[in-house]
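These notes concern the structure reproduced below.
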Amino acid sequence: MLPSIENLLKLQDADKEIRRLQDEVAEFPKRVAVIEQKLAGTKSQLEKAQTAVKADEASRRKYETAITDLRGKISKYRDQSLDVKTNDQYKALLHEIQFAEKEIAANEDKILELMVNADARDKEVKAAKAELKVETAEIETEKEEARQITAKDEKLLAEWRAKRDQIRTGIDEDLLRHYERVSKFRGSGISEVRDQKCMACRVMLRPQTYNEVRSGQQMVVCDSCQRILYFNPADELAEQKPSTTRPKRHHPKIDASQAWYYRSEFGGIGEVFLCLTNAHGQASRRVYDVHTGRLIGDILIREGDYRHAFPEDITDATRLNGSWTEDELDAFGSELPMVALDSLRFDLDLARHEAASGSHAKHQTAAAPTEQAAS
């Protein structure tokens, strides 16, 4: 293995660890916000209980003031009754006194009710204060632990950045620029080759390219994903053994409203993925480059079901698993995301293995005429 490849593998490991630590450090404010939100809920309960106590105290003072005012009126009415000259005047004053006495009794009842509730209010406040005290201690402990973890991560981050800087000095500048450019868009800049495939994008390599990677004498880049390729001889024997854990391939439904196909040659373009979709009595066709995932040409729309609208595209094509909504396809724009592209490539790999082993024969016999070429 070339020294540059070894350094790139070390650099990729460092980059992965740096990203992991950066993510953990970035999570610290979020963790603290969640912790403080818990505390805010308990504080809110205490404030609510204290507000209720203050409201009861204000109501009690209001009723006591009203009683004092009513007693003053009663005293005044009694003094006035001594000077009245007619029975009607006396009865009117007596009526006012009785009314004031009823009001006093009603206010005293309300005060008594507030006094009964006061014990419950006091218990609520004390319980809320005790809970707040316990939670505050627990939350401060959690925040301190989070701060310690973050400080540890920041220290490790600085160490890994130093390691990365040291590793970078041993890599050719042009090679380093290529690695970083691909890593930015693909998430990784280097990929192992196994079984004649780039393990990152799952695309088969040309025999010449595969041999060049195996020789380890020169730098080779994947034509599909642009990652720098390397070969690990230790994995060669394992790859030569027949796989007993290859997943069983799920066959797509024949009557599905959306179908994906692979064609090794299409209109002189080369290898493509075809997406055929039925909607509102019309069929649409999208064509994507197998290697880059880029949309080729415009979306073609025809009347009727896609099996009848695009029979020439289905013939001799390999049916694949794939199902994305129209909104998702529109969101993809002019290029399939790597997750979709990798999914289609992986299913194509399974379909090829199935065809080579002959396990697809039974499925083809049961398929509809237009689907007989599908795996």
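These numbers come from the heavy atoms of this one structure, side chains and all, not from hydrogens, waters or symmetry mates.
When side chains are defined from C-beta on, R19 counts as touching D15, because their heavy atoms get closer than 4.5 Å. Put simply, the side chain of D289 does not reach to within 4.5 Å of the side chain of V272, judged on heavy atoms. The shortest side-chain heavy-atom distance between V125 and V53 falls under the 4.5 Å cut-off. N232 places none of its side-chain heavy atoms less than 4.5 Å from the side chain of V193. Side chains of R285 and I299 form no contact here, defined as non-hydrogen atoms less than 4.5 Å apart. You'll find the side chain of W260 reaches within 4.5 Å of the side chain of Y288, heavy atoms only. The shortest side-chain heavy-atom distance between R345 and S224 falls under the 4.5 Å cut-off. Side-chain contact check for F266 versus D313: some heavy-atom pair is nearer than 4.5 Å.
L9 and M219 end up in the same hydrophobic cluster when Ile, Leu, Val, Met, Phe, Trp and Tyr side chains are linked at under 4.5 Å. In terms of hydrophobic clustering, with Ile, Leu, Val, Met, Phe, Trp and Tyr side chains grouped at heavy-atom distances under 4.5 Å, V203 and Y261 are assigned to different clusters. V25 and L156 end up in different hydrophobic clusters when Ile, Leu, Val, Met, Phe, Trp and Tyr side chains are linked at under 4.5 Å. Both I296 and F310 are members of a single hydrophobic cluster when ILVMFWY side chains are connected at heavy-atom separations under 4.5 Å. Linking ILVMFWY side-chain heavy atoms closer than 4.5 Å, directly or via other members, places I171 and V182 in two distinct hydrophobic clusters.
Checked by atom type and distance alone, the side chain of T209 never pairs as donor or acceptor with a backbone atom of L205 at under 3.5 Å. In this structure, R302 contributes its side chain and A309 its backbone to a donor-acceptor pair below 3.5 Å. Listed for the S81 side chain is no donor-acceptor partner under 3.5 Å among the backbone atoms of Y90. A donor-acceptor pair is defined here as one N or O able to donate and one able to accept, closer than 3.5 Å; such a pair exists between the side chain of T315 and the backbone of P311. In this structure, the side chain of R319 engages the main chain of K253 through a donor-acceptor pair within 3.5 Å. Looking only at distances, a side-chain donor or acceptor of E328 sits under 3.5 Å from a matching main-chain atom of T325. The main-chain N or O of Q166 is found under 3.5 Å from a side-chain atom of T169 such that the two form a donor-acceptor pair. Checked by atom type and distance alone, the side chain of R202 never pairs as donor or acceptor with a backbone atom of D347 at under 3.5 Å.
Between F99 atom CZ and H95 atom NE2 the span is 7.5 Å, to the nearest 0.5 Å. Summarising the geometry, atom CE belonging to M204 is positioned 10.0 Å from atom CD belonging to E271; distances are rounded to the nearest 0.5 Å.
The pair K129-E47 does not count as a salt bridge, with every side-chain nitrogen at least 4.0 angstrom from each carboxylate oxygen. A salt bridge links D195 with K197: at least one charged nitrogen is closer than 4.0 Å to a carboxylate oxygen. A salt bridge does not link K163 to E159: none of the charged nitrogens lies less than 4.0 Å from a carboxylate oxygen. Here K152 does not pair with E154 in a salt bridge; the nearest charged N to carboxylate O distance is not below 4.0 Å. Salt-bridge annotation for E24 and R20: present, with a side-chain N of the basic residue lying under 4.0 Å from a carboxylate O of the acidic one. Looking at R61 and E64, no side-chain N of the basic residue comes within less than 4.0 Å of a carboxylate O on the acidic one, giving no salt bridge. A salt bridge links E144 to R147: at least one charged side-chain nitrogen sits closer than 4.0 Å to a carboxylate oxygen. E326 and R286 are joined by a salt bridge, as a carboxylate oxygen and a charged side-chain nitrogen come within less than 4.0 angstrom of each other. Salt-bridge formation is not detected for the pair E57/K54: no Lys NZ or Arg NE/NH1/NH2 atom is positioned less than 4.0 Å from an Asp or Glu carboxylate oxygen.
Within 6.0 Å of atom CD in E265, more than 12 heavy atoms from other residues, nucleotides or ligands are found, so the atom counts as buried in its surroundings. By the 6.0 Å contact criterion, CD on E312 is enclosed, its count of non-hydrogen atoms from other residues, nucleotides or ligands being greater than 12. Atom CG of N87 has 12 or fewer neighbouring heavy atoms from other residues, nucleotides or ligands inside a 6.0 Å radius. In D298, the CG atom is not crowded: 12 or fewer heavy atoms of neighbouring residues, nucleotides or ligands sit closer than 6.0 Å.
Between the side chains of S188 and R227, at least one donor N or O sits under 3.5 Å from an acceptor N or O. For the residue pair Y262/R352, the side-chain donor-acceptor check at 3.5 Å is satisfied. A side-chain N or O of H251 and one of E354 form a donor-acceptor pair less than 3.5 Å apart.
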ask   = Can you check side-chain contact (heavy atoms from CB on, under 4.5 Å) on E192 and L229, steps first, answer last?
value = CA-CA 6 Å; E192 184 178 1; L229 301 175; over 6 Å; no

key: Full working for side chain to side chain donor-acceptor pair (under 3.5 Å) between D153 and T150   = CA-CA 5 Å; D153 285 347; T150 301; 5.6 Å; no

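Shortest non-hydrogen contact noted between Y179 and Q12 is OH-CA, 3.1 Å. Across all non-hydrogen atoms, the minimal contact from A26 to P29 is O-CD, 3.2 Å. Across S257 and Y306, no two heavy atoms sit closer than the pair O-CE2, 3.8 Å. Across every non-hydrogen atom of K85 and Q89, the tightest pair is N-OE1, 3.2 Å. Nearest heavy atom pair, residue A351 against residue T318, reads CB-CG2, 4.0 Å. Shown here for I301 and S284, the closest heavy-atom pair between the two residues is CG1-CB, 4.1 Å.
In this pair, W324 and F332 present their aromatic rings perpendicular. The plane angle is above 60°, beyond the 30 to 60° band.
Both the sub-6.0 Å distance and the 45° axial angle are satisfied by R214 relative to the ring of F231.
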